[in-house]
Every structure is written in structure tokens, then in C-alpha cells.
Amino acid sequence: MTDSTQTLPVPEAVGELYDRLTLSAMNDGSFNPNVHIGYWDTPGSEATIEEAMDRLTDVFIERLNAYATSHVLDLGCGVGGPGLRVVARTGARVTGISISEEQIRTANRLAAEAEVADRAVFQHGDAMKLPFADASFDAVMALESICHMPDRQQVFTEVCRVLRPGGRIVLTDIFERHPRKAVRHPGIDKFCRDLMSTTADIDDYVALLHRSGLRLREIVDVTEQTTLRLADEIGRLAAVEERPVAMDEGNFDFGDDSFKPSDLAGVDDFGCLLVTAERP
Ligand SMILES: C[S@@+](CC[C@H](N)C(=O)[O-])C[C@H]1O[C@@H](n2cnc3c(N)ncnc32)[C@H](O)[C@@H]1O
């Protein structure tokens with residue numbers, strides 16, 4: 001369940017947002033096949049942002065249980081980077097879905113360039129109403145996409161429907177860590193407003209999965225490995241290289257008062273969850 005005071009994202013508007021971000025990244029040369037945060041295993045990890053982005057996909061692969069015979073749904077697939085990595089590393093067949101037409105065009109182009117268009121197919125669609133038959137997937141991955149969807153329970157119910165019994169979903173989601181501060185950090189508000197997101201209710205997450213027919217396997221707070229570290233890395237890069245950071249590093253540039261990654265620097269109440277659940 002999402003806190004009723006939050007503004008709910010509208011899927012079509014989210015699609016337009018990602019159309020714009022995709023085109024501007026291609027135009028300004030900051031294009032990256034991954035549109036997600038990175039994962040640094042340890043505080044001492046020296047991985048670059050790009051390496052950490054791939055590492056996040058690998059953290060998903062370690063949990064997905066996907067093999068060459070598997071069919072994996074990439075829910076909110078972006079421009080296909082994570083899906084193509086799953087194909088390359090597991091041999092699985094991947095179907096990706098995104099609400100952004102531009103992302104889908106780009107993802108299918110990248111699949112063709114990688115000569116895996118027979119294993120990776122990306123299509124436009126809304127995760128709120130999945131255009132797939134019951135039990136048609138062995139696994140579902142949702143890297144940083146659930147936060148844009150207006151009703152988590154509806155999404156998870158749909159995911160449960162399209163998963164075969166025993167199939168897993170692995171996802172990341174954002175939430176506000178406890179104990180909550182009396183006043184929400186303004187950076188979280190800006191993030192939610194400009195990136196059309198809501199934060200999950202951590203107290204309700206397990207029940208939310210159960211109500212959707214899914215059984216929890218693992219729920220981990222990965223804030224230190226992801227969002228907090230990314231904000232540090234971006235700050236360090238901007239200082240060292242004295243340059244504006246690229247879109248894949250979080251520069252969304254919507255205008256003067258718009259969200260900037262530095263708005264979340266050191267904000268340890270903006271958390272990231274890594275969740276694995278399965279259809280019983
Ligand atoms: C932060 S991007 C993550 C992209 C990709 N998972 C990755 O890691 O590179 C969020 C993705 O969620 C997708 N998305 C958001 N709401 C959606 C919806 N209702 N249906 C389908 N896709 C959606 C967006 O179009 C975008 O591809």
C-alpha cells in the first residue's frame with residue numbers, strides 16, 4: 001500500500017518523462033544502457049558508477065534462478081541494459097516491458113546490435129495491466145521501476161498471475177527508513193515529484209506481497225550499498241572533474257528548482273530495498 005498523502009504517478013506521464021530523458025541522453029552523449037543506481041558491495045569497493053550499475057544487475061541475477069531454458073520478464077526494462085546482461089550471463093530469454101516508446105525503440109536496437117534479438121524482445125506496455133498469459137514467465141525482475149507505478153498491490157498481483165508456480169520476482173524499491181524524521185527531507189519530495197515516484201510503506205511490504213499472492217524470500221535494506229553511496233560518488237565526481245554529471249549519473253535537469261542528485265547527499269532516510277519473493 002502507498003501512503004495516501006503521496007501523489008500517484010500517472011503511467012502515460014511517466015512514459016513521456018522517460019521518452020524525454022532517453023532522447024536527451026542520446027543527444028548530449030550521456031546515454032547509458034542502464035537507467036538505475038549502482039550497487040557497491042562494501043564501503044571500500046572502488047567500483048566505478050558504471051561497474052556498480054552492472055553489479056546491481058548481477059545481484060539480481062544471483063537471486064532470479066534463471067537458466068538458459070528460462071523466460072524472464074523485465075518489468076520497467078528501461079533501454080534494455082539489464083535485460084541484455086541477463087541474456088548474456090544466463091542464456092535466458094528476456095521479454096522487457098516499458099511505458100516509454102523511446103526506450104523500447106532503443107532497447108530493441110541494442111538487442112539487434114548485440115545479435116540477440118531472438119532472445120531479447122522489448123515491448124511497450126503498462127505494468128499495471130500486463131499483456132501476458134497466466135504463468136508465462138519463470139522469473140520477473142524489476143530494477144527501480146516499481147516506485148513509478150501507481151498501485152503496488154495491483155502490480156504485484158499482475159506479477160503473481162504471470163509467474164509460474166515457484167517462479168521468483170526480484171526488485172528494488174525506495175522507502176523512507178525508520179525512525180522517520182518529523183519533517184521529510186525536501187530532497188525526497190523533489191525526487192518523488194520530478195521523477196514521478198512514491199516511497200513504499202516498509203511496515204506493510206510483507207503483507208502487501210502476501211495480499212498479492214506472493215511469498216517473501218528476502219527483504220534487505222541496501223541503502224548503504226546503493227542510494228547513499230551513489231550520492232557520494234556523484235558528489236566526488238562533480239568535485240574532481242568539475243563537470244556536470246551525466247543523466248545516467250543522475251542529472252535530470254528539469255529546471256532551476258528541479259531534483260539534483262546532490263539534494264539527496266547524506267540523506268540516510270531515503271532508503272532502497274532489495275526484495276525477493278516467489279509465487280507459491
Ligand atoms: C529508473 S528506470 C529503470 C529502467 C531499467 N529497469 C534499468 O534498470 O535500467 C524505470 C523504468 O520503469 C518503467 N515504468 C515506469 N512505470 C511503468 C509502467 N506503469 N509500466 C511499464 N513500465 C513502467 C519506465 O518506463 C522505465 O523504463
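First listed ligand is number 1; within each ligand, the first listed atom is number 1. Start at 1 with the first residue, then count along the sequence.
Between Ile99 and ligand 1, at least one pair of N/O atoms sits closer than 3.5 Å. Residue-to-ligand polar distances keep Pro33 apart from ligand 1: every N/O pair is separated by 3.5 Å or more. Checked against a 3.5 angstrom limit, the closest N/O atoms of Met149 and ligand 1 fall outside it. By the 3.5 Å distance cut-off applied to N or O atoms, Leu143 is counted among the residues near ligand 1. In terms of N/O distances under 3.5 Å, ligand 1 is not approached by Met128. Taking only nitrogen or oxygen atoms, main chain and side chain alike, His36 reaches within less than 3.5 Å of ligand 1.
At the shortest separation from atom 16 (N) of ligand 1 among protein heavy atoms lies His148 CB, 3.7 Å. Among all protein heavy atoms, the one lying closest to atom 9 (O) of ligand 1 is Val35 N, 2.7 Å. Looking at atom 5 (C) of ligand 1, its nearest protein heavy atom turns out to be Gly76 O, 3.3 Å. Among all non-hydrogen protein atoms, the one lying nearest atom 25 (O) of ligand 1 is Ser98 OG, 2.9 Å.
When side chains are defined from C-beta on, Leu273 does not count as touching Thr172, because their heavy atoms never get closer than 4.5 Å. In this structure the side chain of Gln225 never reaches within 4.5 angstrom of the side chain of Leu274, judged on heavy atoms. Using a 4.5 Å heavy-atom threshold, the side chains of Arg93 and Val87 count as separate. Looking only at side-chain heavy atoms (C-beta outward), Met53 and Ile37 stay at 4.5 Å or farther from each other. Contact of the Thr199 side chain with the Ile188 side chain is registered, since non-hydrogen atoms from C-beta on lie closer than 4.5 Å.
If you look at Cys77 next to ligand 1, the close heavy atoms, those under 4.0 Å, all belong to the backbone. Contacts with ligand 1 closer than 4.0 Å are made by backbone heavy atoms (N, CA, C, O) of Asn34 only, the side chain lying farther away.
Between Ser258 and Asp194, the side chains place no donor N or O within less than 3.5 Å of an acceptor N or O (distance only, hydrogens not considered). No side-chain donor from either of Asp54 and Tyr39 sits under 3.5 Å from a side-chain acceptor of the other. Between Arg152 and Ser212, the side chains place no donor N or O within less than 3.5 Å of an acceptor N or O (distance only, hydrogens not considered).
Not a single heavy atom of Gly15 sits less than 4.0 Å from an atom of ligand 1. Residue contacts with ligand 1 include Pro82, since one of its heavy atoms falls under 4.0 Å from the ligand.
Against a heavy-atom cut-off of under 4.0 Å, Val14 is close to the following atoms of ligand 1: 15 (C), 16 (N). For ligand 1, the atoms lying closer than 4.0 Å to a non-hydrogen atom of Gly78 are 4 (C), 5 (C), 27 (O). Near Ala127, meaning under 4.0 Å from any of its heavy atoms, are these atoms of ligand 1: 18 (C), 19 (N), 20 (N), 21 (C). Per-residue contacts place Asp126 under 4.0 angstrom from the following atoms of ligand 1 (heavy atoms of the residue considered): 18 (C), 19 (N), 20 (N). Near Gln103, meaning under 4.0 Å from any of its heavy atoms, are these atoms of ligand 1: 24 (C), 25 (O), 26 (C), 27 (O). Close contacts of ligand 1 with Ser145, meaning ligand atoms under 4.0 Å from a residue heavy atom, involve 11 (C), 12 (O). Interface of Gly125 with ligand 1, defined as ligand atoms under 4.0 Å from a residue heavy atom, comprises 20 (N), 21 (C). Each of the following atoms of ligand 1 lies closer than 4.0 Å to a heavy atom of Glu144: 1 (C), 10 (C).
Residues His210 and Leu216 approach most closely at NE2-N, 4.1 Å, considering heavy atoms.
Just one of Arg180, Arg229, Lys181 meets the salt bridge (charged side-chain N to carboxylate O under 4.0 Å, His left out) condition when paired with Asp268; it is Lys181.
The environment of CD in Glu115 is sparse: at most 12 heavy-atom neighbours from other residues, nucleotides or ligands sit within 6.0 Å. The environment of Arg168 atom CZ is dense: over 12 non-hydrogen atoms of other residues, nucleotides or ligands sit within 6.0 angstrom. Atom CD of Glu218 has more than 12 heavy atoms from other residues, nucleotides or ligands within 6.0 Å.
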